[in-house]
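FYI, the numbering just counts along the sequence from 1. In what follows, every heavy atom counts, from backbone to side chain, and hydrogens, waters and symmetry copies are set aside.
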Amino acid sequence: MSTNADIPLKAGPREWLGLAVLALPTLLVSIDVSVLHLAVPHISEGLNPSASQMLWIIDIYGFLIAGFLVTMGTLGDRIGRRKLLLIGAAAFGVASLAAVYADNPATLIAARAAMGIAGATLMPSTLALIMNIFRDPRQRGVAIAVWVTMFSVGIALGPVVGGAMLEYFWWGSVFLLGVPVMAVLLVAGPILLPEYRDAEAGRLDLTSVALSLAAILSVVYGLKEIAIDGFGAVPLMALVAGLALGVVFVRRQRTLQSPLLDIGLFSNSTFRAALVTLLLSMLVAGGTYLMVTQYLQLVGGLSPMKAGLYLLPAAFALIVTAMVSPMAAARIRPSYVVAVGLAVSAIGHLMLSTADSSSGIAQVVTGFAFVYAGGGPLIALGTDIVVGAARPEQAGSAAALSETSTELGMALGVALLGSLGAAVYRSGVDLPAGAPEGAGETLAGAVEAAQGMSSNVAATLLDSAREAFTNGMNVIGGIGALVALASAVLVAVVIKLPPTGADGDTDGTDGAADGSTVPAVNVEG
């Protein structure tokens with residue numbers, strides 16, 4: 001066992017091979033998200049879930065990841081980040097198999113919940129290990145860019161591979177993609193990844209764990225139900241209770257010698273601004289992705305395979321901008337690079353806000369590519385800004401907060417913006433006499449109902465349903481444009497980090513953002 005000071009500043013071949021292993025969970029998570037959105041129409045047909053159940057199938061995964069990330073990030077600091085990563089990988093594989101063979105909406109929701117809890121162990125562990133392994137600032141930037149690029153590659157591969165599987169197999173087959181990825185991680189992880197633990201970490205405070213989980217899930221539940229059914233007594237009580245529990249959680253952390261979450265991280269304005277920007281940007285990205293994937297299939301009439309191919313330009317744009325951003329940040333302030341990217345995203349959202357239901361496929365694909373191209377700098381640099389603002393022994397907590405913002409934003413985007421899109425649809429669709437109730441809830445329900453109608457009535461229903469769905473996408477596109485522009489201003493004004501090429505930290509000293517001394521982190525080969 002050695003300390004952090006004994007690790008060479010420059011990473012060698014073993015470290016870069018370890019990065020390849022750490023990129024696997026990121027690849028899996030992005031494939032899982034993109035595949036699931038593409039499979040929505042097929043799950044609707046196979047399991048016949050209600051609109052509310054469909055939203056839970058999609059976002060329970062992200063909600064539980066967000067709920068458990070802080071706990072898992074801190075747990076990894078205590079028991080070992082590699083150990084937690086491998087435990088989570090095994091659990092994720094088992095939960096994926098349960099999702100494959102789910103035969104009703106409730107079972108699939110439960111399997112997705114288990115995947116979310118297991119997934120919460122993966123992302124903070126991988127990111128914290130990257131921060132520990134790559135101590136040179138420039139190498140760390142490249143490593144995080146590679147890590148982010150694997151997320152982009154997963155987004156690119158997910159629709160194509162998933163689309164091909166949906167063409168020839170049942171919807172449950174898409175969850176099989178995670179099993180071989182987790183198997184590789186379980187075999188290669190113990191060989192290539194060192195173990196890291198915080199040498200000064202205290203015991204895990206179970207009361208704080210319960211408070212953090214209850215606070216996050218109560219707030220998420222309240223917001224979700226308000227978005228679906230409007231303001232009611234139960235969701236309002238859940239929202240208030242969640243906020244109150246959050247206050248209790250924060251106060252408790254200030255009194256603990258070994259807190260679950262280091263509240264001092266939030267004293268850094270750069271840290272706060274980056275977190276808020278990640279949360280808001282992922283929120284609009286989650287809602288936008290859900291609407292676009294359904295638009296291509298249910299409005300544009302594309303098969304899953306073709307819809308996946310139409311999403312490739314956006315994924316390719318994200319890969320390119322995520323890889324180029326660290327090079328640009330070496331010469332230009334990272335905040336300016338991120339702000340320009342967010343402005344590009346705003347252009348894409350505006351294009352989505354003006355697309356129509358009859359001839360909008362080209363415009364939707366182009367607009368979505370702009371959205372993703374503009375998001376690359378934020379994903380690549382925002383994560384480094386958040387985690388880089390923390391001391392090395394805080395890497396687990398900082399990584400957990402970064403991933404909490406990302407996952408919670410994506411889940412809230414699906415819940416809030418997905419519910420908003422559904423509300424616009426319900427208010428705008430005209431149902432012919434005798435149409436089933438499901439046709440008025442979702443576009444997928446209208447497409448299914450049209451199959452049992454005469455051609456004229458079916459055409460009338462589908463024209464109205466597709467127009468109503470597109471109107472919902474237009475509203476979400478307008479919201480996305482406003483959020484992207486506001487986030488661009490926030491980043492440019494608040495975050496004042498110099499270009500990374502001007503970074504003077506090349507002596508191997510691990511200093512905190514405030515210049516304080518960093519306690520050692522235990523390292524085991």
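Using a 4.5 Å heavy-atom cutoff, the side chains of Gln253 and Leu256 are in contact. For the pair Tyr289 and Leu311, the minimum side-chain heavy-atom distance is below 4.5 Å. Proximity of Val284 to Leu280: side-chain heavy atoms (C-beta onward) are nowhere separated by under 4.5 Å. Using a 4.5 Å cut-off on side-chain heavy atoms (C-beta onward), Met115 and Ser96 make contact. Side-chain contact between Val181 and Phe92 is absent, with no heavy-atom pair separated by less than 4.5 Å. Between Leu97 and Leu176 there is a side-chain heavy-atom pair separated by less than 4.5 Å. Counting only heavy atoms from C-beta outward, the side chains of Ile479 and Leu417 approach each other to under 4.5 Å. The shortest side-chain heavy-atom distance between Thr270 and Lys496 does not fall under the 4.5 Å cut-off.
We find the CG-CE distance between Leu85 and Met72 to be 12.5 Å, quoted to the nearest 0.5 Å. A distance of 10.0 Å separates CD1 of Ile191 from CZ of Arg14, quoted to the nearest 0.5 Å. A distance of 8.5 Å separates CG in Leu84 from CG in Leu122, rounded to the nearest 0.5 Å. Distance check, rounded to the nearest 0.5 Å: CD1 of Ile263 to CZ of Arg254 gives 6.0 Å.
Between the side chain of Ser212 and the backbone N or O of Val209, at least one donor-acceptor pair lies under 3.5 Å. Checked by atom type and distance alone, the side chain of Arg112 pairs as donor or acceptor with a backbone atom of Ile57 at under 3.5 Å.
Of all heavy-atom pairs between Ser218 and Gly242, the closest is CB-CA, 3.6 Å. Closest heavy-atom contact between Gly189 and Leu86: CA-CD2, 4.3 Å. Nearest heavy atoms, Leu22 versus Thr126: O-CG2, 3.5 Å. Scanning both residues, Val475 and Leu420, for their nearest heavy atoms gives CG1-CD2, 3.9 Å. The two residues Leu318 and Tyr372 make their nearest non-hydrogen contact at CD1-O, 3.4 Å. For Leu185 against Pro25, the heavy-atom pair with the smallest separation is CD2-CG, 3.7 Å.
In this pair, Phe134 and Trp16 present their aromatic rings tilted. The plane angle is within the 30 to 60° band.
Every residue two or more places apart in sequence or in another chain that forms a side chain to side chain donor-acceptor pair (under 3.5 Å) with Thr107 is listed here: Asn104. In terms of the salt bridge (Lys or Arg N to Asp or Glu O under 4.0 Å) criterion, residue partners of Arg252 (sequence neighbours excluded) are, by chain and number, Asp205.
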| request: Could you please spell out the steps behind the side chain to side chain contact (heavy atoms under 4.5 Å, CB included) verdict for Leu283 and Val483? | output: CA-CA 9 Å; Leu283 188 149; Val483 170; over 6 Å; no
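Each of Ile379, Ile495, Leu490, Leu378 was evaluated against Val338; a single residue qualifies, Leu378, per the side chain to side chain contact (heavy atoms under 4.5 Å, CB included) test.
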